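Each residue takes its place number in the sequence, starting with 1. A quick note: this is a predicted structure, and the numbers were derived from the prediction, not measured.
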Amino acid sequence: MSTKCYVTSNTGLLNKGVSMVIDCPLFNVELKAIPEVKSFLALFVAELLKRDQMRIEFESSEPIGYTHTIYKFHIALNEGKYIGTRLVLRGTHAIRILFTLPIGYNVNIETPTTEYRPEPDMKPIVLGRKESSNPPRGQVYIDTPIVYAIFGVPSIYTHNWALLVEGDVEDTVYYTIPDLYDLGLVDVKTDFHCVTGWSLRDLVFTGVQVSRIIEDVGPRSSVKWVYVESLDGYTTIIPYDDFNNENSIIALEMNSKPLDILHGYPARLIIPHLYGWKSAKWIKRIVFTSRYIDGYWESLGYHPRGRVDLEERFKEH
Ligand SMILES: Nc1nc2c(c(=O)[nH]1)N[C@H]1C(S)=C(S)[C@@H](COP(=O)(O)O)O[C@H]1N2
Ligand SMILES: [Mo]
């Protein structure tokens, strides 16, 4: 059972009462039914957390696309606290297991742990998809947008809102809303794909091409990643080459109107060829960096890049 696990933490997790995530890739573990899932979990937990008196409670299962499923369990601790467990399956194969440890609970992990450090994948980027009435693999088109706000909708004070762009750059720049309009806007007509399996067709976003911002700040040649922080505490990370795509924009409008507050007003990222969780809403800070850092969903096992055409839903090792 011994495997190498990653340990990660960030303020988004802390907001959720989680002090750290232990994320363990699994290889060739076939589980055909829930009882098998549960007994596998019990074994794994006994090994990793050195606890054998445990109550494991099933919480829910969630399909992710057609091929993946997340099974969520609780391992009950004292005082109503619990260790959250997410078992990620592709078909009948368990590919990762993640534990979310509550604040104030310490474990001695005897399994070797390390930090997740992917190299950005340099496979050429496909620009958009050819016109097709079929959604990408594992996705279904729906008609009405679903709003996601994992930390709730933040309060926005437009008069003192500014977007800070910094990191390994020649010039740090703050943009107010008028500053962004002054840079000139472009329209991007695109489908939008949430990793959980829903897609929206033909949305029109209007905003500033990120290449304009890149011209302004001048990222250094060491830059490989772009880390994004939002007003609600949400974070995500994008490979620099995917960020710097001609279809990537800092969107201010959707379907010819200023963004609705629920969809990220005053500004959100739109990176059409990546799953929706990379398109952070209510953005406040963009950091160019040579170093990979997990954002919120990446710390819960989701892919460092998230390309839709390659179905990059979860981390692969
Ligand atoms: N700040 C912030 N940005 C976010 C999220 C969020 O919870 N907070 N959810 C992400 C996810 S998972 C998706 S699919 C899209 C959904 O965009 P929508 O709410 O405009 O439909 O926003 C992304 N950006
Ligand atoms: Mo999503």
Quiz item: When you look at T236 and E298, which way does the side-chain hydrogen bond (donor to acceptor under 3.5 Å, both in side chains) test go after all the steps?
Solution: CA-CA 7 Å; T236 190; E298 293 81 10; 2.7 Å; yes
Exercise. Please report the C-alpha distance between I70 and K72 in whole Å, then the side-chain angles of each, then the deciding distance to 0.1 Å, and finally whether the side chain to side chain contact (heavy atoms under 4.5 Å, CB included) criterion is met.
Key: CA-CA 6 Å; I70 302 180; K72 294 181 191 165; 4.0 Å; yes
Self-check item: Residue pair Y174, D179: steps toward the side-chain hydrogen bond (donor to acceptor under 3.5 Å, both in side chains) verdict
Solution: CA-CA 9 Å; Y174 276 98; D179 292 340; over 6 Å; no
Exercise. Dump the intermediate steps for side chain to side chain contact (heavy atoms under 4.5 Å, CB included) on L300 and T100, then the final yes or no.
Key: CA-CA 9 Å; L300 290 169; T100 55; 3.8 Å; yes
Practice problem: I would like to know whether T289 and D168 meet side-chain hydrogen bond (donor to acceptor under 3.5 Å, both in side chains); could you show each step before the answer? | Solution: CA-CA 6 Å; T289 169; D168 301 334; 4.6 Å; no
Self-check item: Candidate pair L274 and R305, rule side chain to side chain contact (heavy atoms under 4.5 Å, CB included), full reasoning
Solution: CA-CA 7 Å; L274 304 183; R305 181 166 63 174; 4.1 Å; yes
Quiz item: Do N244 and S211 pass the side chain to side chain contact (heavy atoms under 4.5 Å, CB included) test, and can you show the C-alpha distance, the side-chain angles, and the key distance before you say yes or no?
Solution: CA-CA 6 Å; N244 188 14; S211 53; 3.9 Å; yes
Practice problem: Give the intermediate values and the outcome of side-chain hydrogen bond (donor to acceptor under 3.5 Å, both in side chains) for residues D216 and Y175. | Solution: CA-CA 11 Å; D216 274 5; Y175 296 95; 2.6 Å; yes
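Taking both residues in full, the closest heavy atoms of R212 and L183 are given as NH2-CD2, 3.2 Å, listed atom of the first, atom of the second, then distance. A pairwise comparison of heavy atoms in A76 and Y82 identifies CA-CB, 4.2 Å as the closest pair. Shortest non-hydrogen contact noted between H303 and E312 is CB-O, 3.2 Å. Between T235 and G295, the closest heavy-atom pair is OG1-CA, 3.4 Å. The shortest non-hydrogen separation linking A280 to V228 is CB-CG1, 4.0 Å. W161 and L231 get closest at one heavy-atom pair: CD1-CD1, 3.9 Å.
Y234 and F151 have perpendicular rings, their planes meeting at more than 60° on a 0 to 90° scale where under 30° would count as parallel. Classification of the W225-Y292 ring pair by plane angle, with boundaries at 30° and 60°, yields perpendicular. Aromatic ring orientation, Y71 versus F58: tilted (interplanar angle from 30° to 60°).
With values rounded to the nearest 0.5 angstrom, S299 atom OG is found 8.5 Å from L98 atom CG. Rounding to the nearest 0.5 Å gives a distance of 15.0 Å between CD1 of I75 and NZ of K81. Taking CG of N245 as the start and CG of N247 as the end, the distance is 5.0 Å to the nearest 0.5 Å. The CG atom of L13 sits 6.5 Å away from atom OG1 of T8, with the distance rounded to the nearest 0.5 Å. Here the straight-line distance linking atom CZ of R117 with atom OH of Y6 works out to 11.5 Å at 0.5 Å rounding. Here I150 contributes atom CD1 and D232 contributes atom CG; the two are 9.5 Å apart, rounded to the nearest 0.5 Å.
Using a 4.5 Å heavy-atom cutoff, the side chains of T172 and V217 are not in contact. Considering only heavy atoms from C-beta on, I177 stays 4.5 Å or farther from L180 through its side chain. Between F243 and F288 there is a side-chain heavy-atom pair separated by less than 4.5 Å. Using a 4.5 Å heavy-atom threshold, the side chains of V140 and Y66 count as touching. In this structure the side chain of D191 never reaches within 4.5 angstrom of the side chain of S199, judged on heavy atoms. Side-chain atoms of R55 and H74, non-hydrogen and from C-beta on, never get closer than 4.5 Å to each other. Within the 4.5 Å cutoff, side-chain heavy atoms of I83 are placed close to those of P102. Contact annotation: the side chain of D309 never approaches that of H273 to less than 4.5 Å [non-hydrogen atoms, C-beta and beyond].
For Y275 and Y302, the gap between ring centers reaches or exceeds 6.0 Å.
A salt bridge links R96 with D23; the closest basic N to acidic carboxylate O contact falls under 4.0 Å. Ion pairing between E59 and R86 fails under the 4.0 Å rule for side-chain N and carboxylate O. A salt bridge does not link R90 to E311: none of the charged side-chain nitrogens sits closer than 4.0 Å to a carboxylate oxygen.
Grouping the Ile, Leu, Val, Met, Phe, Trp and Tyr side chains by contacts below 4.5 angstrom, directly or via other members, places I271 apart from I237. A continuous path of hydrophobic side-chain contacts links W198 to V147 [ILVMFWY only; heavy atoms under 4.5 Å]. Both I146 and I270 are members of a single hydrophobic cluster when ILVMFWY side chains are connected at heavy-atom separations under 4.5 Å. Y227 and I214 are assigned to two separate hydrophobic clusters, defined by single-linkage of ILVMFWY side chains at heavy-atom distances under 4.5 Å. Hydrophobic clustering (side-chain heavy atoms under 4.5 Å, transitive across Ile, Leu, Val, Met, Phe, Trp, Tyr) groups L269 together with Y148.
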Residues 31-43, side-chain donor-acceptor partners within the protein, below 3.5 Å, at least two apart:
residue: E36; atom: OE1; partner: K32; partner atom: N; Å: 3.3
residue: K38; atom: NZ; partner: I56; partner atom: O; Å: 3.3
residue: S39; atom: OG; partner: P35; partner atom: O; Å: 3.1
residue: S39; atom: OG; partner: E36; partner atom: O; Å: 3.3

Solution key, residues 251-259 side-chain donor-acceptor pairs under 3.5 Å, sequence neighbours excluded:
residue: E253; atom: OE2; partner: Y181; partner atom: OH; Å: 3.2
residue: N255; atom: OD1; partner: V204; partner atom: N; Å: 3.0

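The side-chain tip of K315 points at the ring of Y116 from less than 6.0 angstrom away and within 45° of straight on.
Side-chain atoms of K278 come within 3.5 Å of backbone atoms of P304 as a donor-acceptor pair (strictly under, hydrogens ignored). Distance alone, capped at 3.5 Å, is enough to place a donor-acceptor pair between the S230 side chain and the K281 backbone. Under the 3.5 Å distance criterion, the side-chain polar atoms of W282 are matched with a main-chain donor or acceptor of I261. Side chain of K4 to backbone of P25: no donor-acceptor contact under 3.5 angstrom is found. Listed for the Q209 side chain is a donor-acceptor partner under 3.5 Å among the backbone atoms of E246.
Shown are L164, I250, V210, I213; of these, the side-chain contact (heavy atoms from CB on, under 4.5 Å) with I286 is made only by I250.
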